[in-house]
Amino acid sequence: MSALGLQAAPIEMDCVGCNECGTRQQLDRSGGNGILVCVTCRTPLERRGGRSLAAALACSSATLLLLLPANLEVFLTTNALGVSRHSILASTAGVMLSEGYTWLSVVIFLLIVVFPLVRFGLLTYVLGSLYLGRRRPWLGWMFRWANRLEAWAMTDVLLLAFVVAYARLEVAISVHLGIGAVALIGAGILSLFTRATLDKAMVWRAIAPDQEPGHPTTSIACTQCELLVEAKHQGEPCPRCGSALYRRQPASIPYTMALTLAALLLYIPANLYPLATLPIDYKPTSYTVLQGVIDLAKAGFFGLAVLVFCASFAIPVLKLVGLGWCVMSVMTRSRRHLVAKTRVYRTVEEIGRWSMVDPFVIGCLTPVLDYSAQIHGGAGPAAVPFTAVVVLTIISAKTFDPRLMWDAARSRS
Ligand SMILES: [Zn+2]
Ligand SMILES: [Zn+2]
């Protein structure tokens, strides 16, 4: 039998509930370092290869250390008309605030400054405590919030945005990297390594072991730490992570529908109006999402043009269509393509955050393109609806409970 199977005599086996389809199953962790996938929907439940507590702790603490100079040191310097402009990461949000984009500046400040510091601070504390064998009672709560901020701490997305911004600046004006930019490159790469080396299931078991509930078929699986608890604890906090326990996410479909519809409506102005203004040949030039892609291709940055097209145009479309398909599946109690729908949902949930590239590019450019009426850059009218589409679709992916698709299909006997 394969490494994932249902077996009769468990050795190092735990009963877990799949968060994508709701199937209860026993995981055999005794063999190898492979990927353990759900028997029903094929979702990876655990990836063990290349993951360890020590490696994740090293990557997380190094990311946290590099985030300090990335936020405090000079980020970019430009020269024009005999003067220079410097930026630091936090000034990105400050300049947008002074130009009247209050909501946008707050969102960008949270995503690139506050959430990365909080996530990597919490993660480093939790992993460091476990590494030293100190099991504090609040570690479950801290690790839950570190995981919740995983989608919202966008140092890696900012790294891609920084590369695009640098390419755009290079063709328009004289530009130099500061220590802050070098530290950001290191922090962005190490944040990806942290993700790749972190075995969440192992950390949860180190915080508190999995347990076998009396009735596995009626038990509730915690959506945050995957602990199985008795059904009578519905509505109570999870004993391991403190998250409220529900058999299924309450009001999942109305919330997901409302958020997806709002995002769909905002997607229209987000693509019709100019996203930002840039000086090209010493002339302020506005560009929409698709014009920005064409400009990058014309300047010879074909790879970046493809990346920005995927992040800013293709991914939002995939998110809206994918979430719509999943919601319709629940409403029509469809039994078709459930594995494919679950995979689409998982993809939407994982890649949605990369659409923030374009707003971050604007954030990187604005503070260092403030010279004169001709040499000036900043956000355009589409920047706010575009960012709102990204934020709303990330939230709607979180409010959707994919197990409802499987429940609805099972109920149609
Ligand atoms: Zn599953
Ligand atoms: Zn939990």
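Counting convention: from 1, in listed order, for ligands and their atoms alike.
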* Any luck finding a side-chain donor-acceptor pair between His233 and Glu230 under 3.5 Å? -> no

* To do: Please list, in chain and residue-number order, the protein N/O/S atoms closer than 2.8 Å to the Zn ion (ligand 2).
  => Cys222 SG, Cys225 SG, Cys238 SG, Cys241 SG

* In the protein, N/O/S atoms that are found under 2.8 Å from the Zn ion (ligand 1), waters not counted -> Cys18 SG, Cys21 SG, Cys38 SG, Cys41 SG

* Asked: Using 4.0 Å as the upper bound for N to carboxylate O, is an ion pair formed by Glu350 and Arg195?
  -> no

* Side-chain H-bond candidate by donor/acceptor type, Ser60 with Thr194, under 3.5 Å -> no

* Asked: Between Lys298 and Asp295, does a salt bridge (Lys or Arg N to Asp or Glu O under 4.0 Å) hold up when you go through it step by step?
  -> CA-CA 5 Å; Lys298 276 184 182 167; Asp295 288 348; 5.2 Å; no

* **Note, Leu53 side chain near Leu57 side chain (heavy atom, < 4.5 Å)** => no

* Asked: Does Thr124 reach the main-chain N or O of Phe120 with its side chain, forming a donor-acceptor pair under 3.5 Å?
  -> yes

* State whether a side-chain donor-acceptor pair under 3.5 Å links Thr23 with Trp406. => no

* Tyr125 six-ring face occupied by Arg136 cation (under 6.0 Å, within 45°) -> no

* Kindly check if the number of other-residue, nucleotide or ligand heavy atoms within 6.0 Å of CD1 (Ile179) is above 12? => no

